[in-house]
Amino acid sequence: MNILGIETSCDETSVAVVRDGCFVLSNVVASSVKEHAQYGGVIPEIASRRQLEFITPVVQEALSQAQLSLDHIDAIAVTVKPGLIGSLLIGMSFARGLAYAYQKPLIEVDHIQAHVYANRLVDGAPNSDTKRQQQALPAFPAIGLVVSGGHSSLFFYKNELSCKELGATRDDAIGEAFDKVARIMDLGYPGGPVIDHLAASAQPDASIIFKSANIKDSYDFSFSGVKTAVLYYMQKHPDADKAAVALAFQESVVDVVVKKTCQAARDKKVKTIMVGGGVAANSMLRDRLTAAAARDDIQVSFPTMTFCLDNGAMIAGLAYHLRSS
Ligand code: KG4
Ligand code: ZN
């Protein structure tokens with residue numbers, strides 16, 4: 001079964017074709033990120049205007065890369081929440097129009113759940129190699145950790161479709177904290193990749209210590225305090241080494257995410273953690289979470305880099321399991 005997935009919840013316009021819920025035949029992404037850089041964050045009006053221009057060519061390109069026409073597509077899937085309302089509207093209206101015109105079922109998908117599902121995707125058509133990769137994919141039950149520009153959430157998953165939220169963002173999401181800290185230090189937007197890169201080459205400075213809130217007896221996260229601590233530090237030390245500050249900030253957020261996620265896995269007695277969302281691309285998070293979980297004999301799965309960020313493939317993939325429910 002081939003599903004065409006449309007994702008337009010933030011600044012990306014992404015369309016993918018996924019076979020049988022996991023084999024990604026194509027995944028095309030057009031982004032307006034450069035236009036938002038000068039403002040230090042996404043401007044919703046700009047994002048949705050670009051999405052209106054991008055959506056038709058991106059759908060055509062996704063079909064062409066998959067070497068399929070709409071006649072070979074069995075269903076249309078689209079992100080319906082959460083996201084920027086104007087952006088969601090572009091994807092949903094286009095998907096509805098397509099489904100109506102071509103008489104295909106329309107499947108509505110939650111963006112956050114799709115980020116966790118991205119761990120179940122394999123890049124490429126089914127063949128002996130990708131089928132082997134599919135068999136090696138992590139299985140449920142699992143703890144799902146979503147770390148993105150809008151969310152820092154922990155879930156307990158029984159299977160693809162049954163999950164319970166354990167904790168969420170109380171204020172700034174983790175990616176938002178990365179973006180705001182980068183803005184404080186004038187490092188550009190989006191901040192996550194820049195901070196990740198800068199921290200990797202930093203000389204650690206033991207005098208710079210930040211602590212992210214570790215809310216007691218809760219799986220909730222809070223990152224606005226550490227962001228403000230960085231702001232005050234930079235106001236007091238305008239000549240501080242930005243790389244050392246980036247490293248100290250990143251360590252503080254990674255530390256609390258690793259602790260809470262491993263705790264959730266131990267409490268729920270699961271042996272798998274699936275991470276999703278843009279911050280899942282962070283190299284320190286990948287290394288430290290993998291190492292900490294291994295001490296409890298827990299396996300951590302991260303999606304392939306392209307499937308960490310917003311993409312249509314995760315929408316089409318999850319839709320396969322939602323189609324008859
Ligand atoms: O999942 P995503 O593409 O969009 C949302 O659903 O929000 O995540 C975007 C977020 C941005 O805040 C960006 O700064 C962050 O992911 N990000 C990273 C890295 N790459 C992207 N954060 C930390 N380290 C990275 N390498
Ligand atoms: Zn996302």
Side-chain angles (χ1 to χ4, degrees), residues 5-14 16 27 29-34 36-37 39-42 44 47 51 78-84 87-88 91 109-119 144-153 168-169 172-185 187-202 212 221 223-224 226-227 246-247 249-258 274-289 302-315 317-318:
I6 299 178
E7 154 61 41
T8 61
S9 67
C10 193
D11 55 328
E12 274 92 12
T13 305
S14 180
N27 182 58
V29 185
S31 173
S32 56
V33 69
K34 287 205 180 101
H36 305 287
Y39 305 104
V42 175
Q51 282 160 329
V78 63
T79 305
V80 294
K81 71 175 172 71
L84 302 172
S87 294
L88 288 170
V109 179
D110 179 297
H111 181 85
I112 304 302
Q113 306 311 330
H115 266 310
V116 175
Y117 187 80
N119 286 279
L145 168 69
V146 178
V147 275
S148 72
H151 292 81
S152 344
S153 303
T169 313
D172 288 0
I174 184 167
E176 190 181 352
F178 269 97
D179 294 336
K180 287 180 176 170
V181 163
R183 194 173 173 185
I184 290 165
M185 294 199 282
L187 295 174
Y189 175 85
V194 194
I195 290 181
D196 190 355
H197 191 245
L198 203 58
S201 60
S212 293
F221 295 101
F223 296 109
S224 75
V226 66
K227 166 206 68 188
L247 175 62
F249 159 75
Q250 184 174 267
E251 283 197 310
S252 82
V253 296
V254 165
D255 182 56
V256 74
V257 170
V258 168
M274 295 186 191
V275 189
V279 186
N282 186 267
S283 51
M284 184 185 278
L285 178 64
R286 294 174 90 97
D287 292 348
R288 299 223 175 147
L289 185 56
F302 291 91
T304 312
M305 282 295 185
T306 37
F307 303 140
C308 285
L309 299 167
D310 289 351
N311 65 87
M314 64 186 191
I315 305 302
L318 180 54

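Counting starts at 1 for both ligands and their atoms, in listed order. Just so it is clear, the structure is predicted and the values come from calculations on it, not from any experiment.
Per-residue contacts place G150 under 4.0 angstrom from the following atoms of ligand 1 (heavy atoms of the residue considered): 7 (O). Taking every non-hydrogen atom of P190 and a distance limit under 4.0 Å, the qualifying atoms of ligand 1 come out as 14 (O). Taking every heavy atom of G175 and a limit of under 4.0 angstrom, the matching atoms of ligand 1 come to 12 (O). Close contacts of ligand 1 with G149, meaning ligand atoms under 4.0 Å from a residue heavy atom, involve 5 (C), 7 (O), 8 (O), 9 (C), 10 (C), 12 (O). Each of the atoms 1 (O), 6 (O) of ligand 1 lies under 4.0 Å from some heavy atom of H115.
Checked by distance only, ligand 1 and G278 come closer than 3.5 Å through their nitrogen or oxygen atoms. Among the atoms of G277, none of the N or O lies under 3.5 angstrom from an N or O of ligand 1. Any N or O atom pair closer than 3.5 Å counts here, and D310 shares at least one such pair with ligand 1. At a 3.5 angstrom cut-off on N or O pairs, F178 does not count as close to ligand 1. Between S283 and ligand 1, no N or O atom pair is found at a separation short of 3.5 Å. Considering backbone and side-chain N/O of L309, none are found under 3.5 Å from N/O of ligand 1.
Under 4.0 Å from ligand 1, the heavy atoms of D179 that appear belong solely to its side chain.
E251 has a carboxylate O that lies under 4.0 Å from a charged side-chain N of R288, or vice versa, which qualifies the two as a salt bridge.
Considering only heavy atoms from C-beta on, E12 stays 4.5 Å or farther from L309 through its side chain.
Side-chain atoms of E7 and N311 include no donor-acceptor pair closer than 3.5 Å. Side chains of S87 and T8: no donor on one and acceptor on the other come within 3.5 Å.
Screening L247, D196, I195 for a side-chain contact (heavy atoms from CB on, under 4.5 Å) with M284, the sole residue that qualifies is L247.
If you look at the Zn ion (ligand 2), the protein N, O or S atoms less than 2.8 Å from it are H111 NE2, H115 NE2, D310 OD1.
For H151, the heavy-atom gap to ligand 1 stays at 4.0 angstrom or more.
Closest to atom 15 (C) of ligand 1 among all protein heavy atoms lies V279 CG2, 3.9 Å.
By the 30° and 60° cut-offs, the orientation of the rings of F223 relative to F221 is parallel.
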